[in-house]
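Structure first, commentary second.
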There are 2 protein chains.
Amino acid sequence: MITELDDIDIRILDLLQHDARTTTKEMADKLGLTVTPVSVRIRKLEEAGYIKRYVAILDKDKIEKSLIAFTSIQLREHSQDALRSFEKAVTKMREVMECHRLTGRTDFLLKIAIRDMNEYNNFLMDKLAKLANIGSVQSHFVLSEGKAETAYPLTLNIQKEKGK
Amino acid sequence: MITELDDIDIRILDLLQHDARTTTKEMADKLGLTVTPVSVRIRKLEEAGYIKRYVAILDKDKIEKSLIAFTSIQLREHSQDALRSFEKAVTKMREVMECHRLTGRTDFLLKIAIRDMNEYNNFLMDKLAKLANIGSVQSHFVLSEGKAETAYPLTLNIQKEKGK
DNA sequence: AGTGAAAAGTTTAGCCG
DNA sequence: CGGCTAAACTTTTCACT
């Protein structure tokens with residue numbers, strides 16, 4: 001099993017989180033290795049859960065989900081049951097891509113992907129507003145995406161040591 | 001070139017956005033086709049820009065980016081230059097995974113991935129607060145992720161017609 | 001841990017219905 | 001537009017260092 005990542009593991013993770021189609025051969029060349037150790041390391045990283053999944057990122061405009069809303073929700077009641085049942089209900093909705101429970105006044109932040117404002121209105125009226133225990137809802141729409149990364153910032157061990 | 005997606009295209013996109021490692025053979029079996037048309041359709045979907053990229057999703061806790069913050073920013077000045085230069089500066093920061101320009105009182109919503117509160121504080125002090133034109137900053141931390149999808153909700157044409 | 005070569009699996013291309 | 005077959009490429013496994 002993996003105890004700690006070395007720089008080669010970190011570089012493999014970084015290559016894959018930017019382009020999951022990078023071949024083991026390409027990685028091997030960049031890392032100055034052959035394909036075998038790269039392949040073995042990837043399998044170990046997958047098994048140990050460092051890599052959760054591989055996904056394709058689609059163009060939201062092309063598939064007609066041009067409207068992205070960040071919707072913040074405050075509940076009226078904050079018992080464990082109330083929080084759980086809200087979360088359970090909302091995560092089932094297909095339009096809700098993300099549901100984050102937050103610190104501060106806002107209880108939940110949802111990321112909603114939908115066709116247009118008309119459909120967002122329907123979503124609010126027919127689905128969200130029908131949930132029990134909703135206190136207040138604020139909708140913020142995305143005007144432009146300056147950055148939309150799925151990759152986390154990774155730091156090599158050598159660089160970390162430099163910083164010390 | 002692709003004019004409109006048929007249901008087979010949509011199902012291919014949906015399979016890939018949930019698991020980019022699905023082989024053409026598996027898709028072909030699910031779709032009742034052979035690998036050739038699946039392979040051809042995927043290439044066309046890539047070329048037409050429906051599929052933007054393939055990425056690996058990492059486990060943030062395992063790579064020590066356990067703290068996720070949604071940070072909302074109001075600027076003092078809202079000229080085009082002011083907005084642009086803020087966005088340009090902030091998208092360069094590695095900790096900033098997403099930068100959305102929003103409607104409403106909040107100008108920008110940032111998603112920040114970082115090790116812990118201590119490093120978030122350093123990020124705020126040393127990087128974010130040093131930018132010109134910052135009006136106010138509110139930090140909201142993620143307590144738990146109820147849902148974190150990268151896949152958009154897709155609808156088959158048959159289902160759409162049912163809805164009519 | 002890594003190398004090199006062989007085996008298995010996957011994707012792509014050509015040709016035909 | 002899809003099926004079939006062959007070629008190219010990629011990933012995985014094995015013996016060896």
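Quick note on labels: first sequence line is chain A, next is B, and so on, each numbered from 1. Just so it is clear, the model here is predicted, and its values are computed rather than measured.
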Please report, rounded to the nearest Å, how far the [atom2] atom of [N] is from the [atom1] atom of [X].
{"X": "A/Asp6", "N": "C/dA1", "atom1": "CG", "atom2": "P", "value": "8 Å"}
{"X": "B/Met27", "N": "D/dG2", "atom1": "CE", "atom2": "P", "value": "15 Å"}
{"X": "B/Ile8", "N": "D/dG3", "atom1": "CD1", "atom2": "C1'", "value": "14 Å"}
{"X": "A/Asp19", "N": "D/dT10", "atom1": "CG", "atom2": "P", "value": "13 Å"}
{"X": "A/Glu4", "N": "C/dA1", "atom1": "CD", "atom2": "C1'", "value": "17 Å"}
{"X": "A/Lys25", "N": "C/dG9", "atom1": "NZ", "atom2": "C1'", "value": "19 Å"}
{"X": "B/Leu31", "N": "D/dG2", "atom1": "CG", "atom2": "P", "value": "10 Å"}

Where is the tightest heavy-atom contact between B/His78 and B/Leu83, given as atom of each residue plus distance? O-CD1, 3.7 Å
With a 4.0 Å cut-off on N to O distance, would you call B/Lys52 and A/Asp59 a salt bridge?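 A/Asp59 and B/Lys52: not salt-bridged.
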Flag the pair B/Glu95 and B/Lys127 as a salt bridge only when some basic side-chain nitrogen lies within less than 4.0 angstrom of an acidic carboxylate oxygen. yes
Pull out every residue in residues 32-53 of chain A that has a heavy atom closer than 4.0 Å to any atom of DNA chain C, ordered by number, or say none. A/Leu33, A/Thr34, A/Thr36, A/Pro37, A/Arg41
For residues 129-137 of chain A, tabulate all N or O donor-acceptor pairs below 3.5 Å that involve a side-chain atom, not counting sequence neighbours.
residue	atom	partner	partner atom	Å
A/Asn133	OD1	A/Arg76	N	3.3
A/Asn133	OD1	A/Glu77	N	2.7
A/Asn133	ND2	A/Glu77	O	3.2
A/Ser136	OG	A/Gln74	OE1	3.2

For the residue pair A/Tyr54 and A/Glu46, establish whether any side-chain heavy-atom pair is separated by less than 4.5 Å. yes
Heavy-atom distance under 4.5 Å between the side chains of A/Lys65 and A/Leu58, does that happen here? no
